[in-house]
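None of the values given here were measured: they were computed from a predicted structure.
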Amino acid sequence: MKQKINKRYIYQQIFTTLSLSIIPLNFVCAEPVIYDFTVNVTEGSLKGNTYNGFIVYDDETITGTEEEMITVEDGLKVCMNFFNQNYDETKDSDYPQYPQLTLKDGKPESLDFWLEPNPRRQWWNENGWLVTVTQRPENSNLPVNCLNGVAP
C-alpha cells in the first residue's frame with residue numbers, strides 16, 4: 001500500500017512539473033508608475049496658492065514613445081489637494097470620461113482634471129499655473145490612496 005501511494009505521489013509530481021514546463025510563463029507583472037506634482041499659482045485670483053497631488057497609472061498602458069493619452073478606463077488614478085481638500089479622479093466634473101493624462105515619450109505632459117461645474121479649462125502649465133512633476137521612487141512609502149492624504 002505504501003508503494004502505491006508513493007508511486008501516485010511521484011506521478012502527480014511528474015505531471016505537475018511537465019504541465020508547468022509546457023505552460024508559457026512569459027507574463028510580466030505590471031508596475032504602477034507614480035508621479036507627484038506641485039502647482040504654484042503665480043498669477044490671477046489664486047496667486048500665491050500652492051496645490052499638490054499625484055498621478056498613478058500602470059506602465060503596461062503606454063509604449064513610452066511619442067504622444068499618448070491615459071484615461072480612467074486605462075486605470076488612471078489622480079489625487080489633488082485643492083484648498084486643503086483631497087479630490088480623486090471620481091470627482092472630475094466629467095467622470096468617467098475624464099480625467100485624462102497626456103504623456104510625451106513616457107513622461108507626463110498635461111493632466112486634464114477639472115473639479116468645477118463650469119466649462120473645462122486647461123490649467124496644467126498654463127500662464128500663471130506652474131506645474132512641477134517628479135517621478136516617485138519605486139520603494140517610496142508615500143501614500144497612493146487619496147483618502148490618506150497627498151504626498152508633499
Is any side-chain heavy atom of [X] less than 4.5 Å from a side-chain heavy atom of [Y]?
X: V131; Y: W123; answer: yes
X: L76; Y: T71; answer: no
X: D74; Y: Y57; answer: no
X: D92; Y: E89; answer: no
X: L103; Y: P108; answer: yes
X: D94; Y: W114; answer: no

To the nearest 0.5 Å, how far apart are [atom1] in [X] and [atom2] in [Y]?
X: I62; Y: E67; atom1: CD1; atom2: CD; value: 12.5 Å
X: Q100; Y: R120; atom1: CD; atom2: CZ; value: 7.5 Å
X: E126; Y: E43; atom1: CD; atom2: CD; value: 11.0 Å
X: F54; Y: D88; atom1: CZ; atom2: CG; value: 9.0 Å
X: D36; Y: T134; atom1: CG; atom2: OG1; value: 5.0 Å
X: Q135; Y: I55; atom1: CD; atom2: CD1; value: 11.0 Å

Linking I/L/V/M/F/W/Y whenever any side-chain heavy atoms sit under 4.5 Å apart, do [X] and [Y] land together?
X: L115; Y: W129; value: yes
X: Y87; Y: Y35; value: yes
X: V133; Y: V33; value: yes

With S110, which residues qualify under side-chain contact (heavy atoms from CB on, under 4.5 Å), at least two apart?
T102, Q122, W124

Tell me the closest heavy-atom pair linking [X] and [Y], and the distance in Å.
X: E116; Y: N118; result: CB-OD1, 2.7 Å
X: P99; Y: L111; result: CB-CD1, 4.3 Å
X: V72; Y: P96; result: CB-O, 3.9 Å

Can you spot which of T42, V41, V39, T50 makes a side-chain contact (heavy atoms from CB on, under 4.5 Å) with L130?
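Considering T42, V41, V39, T50, a side-chain contact (heavy atoms from CB on, under 4.5 Å) with L130 is found only for T42.
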
Within the side chain of D58, is there an N or O that forms a donor-acceptor pair under 3.5 Å with the backbone of P32?
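No; zero donor-acceptor contacts below 3.5 Å.
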
Y51 meets the ring-ring contact (aromatic ring centres under 6.0 Å, His included) criterion, sequence neighbours left out, with F82, F83

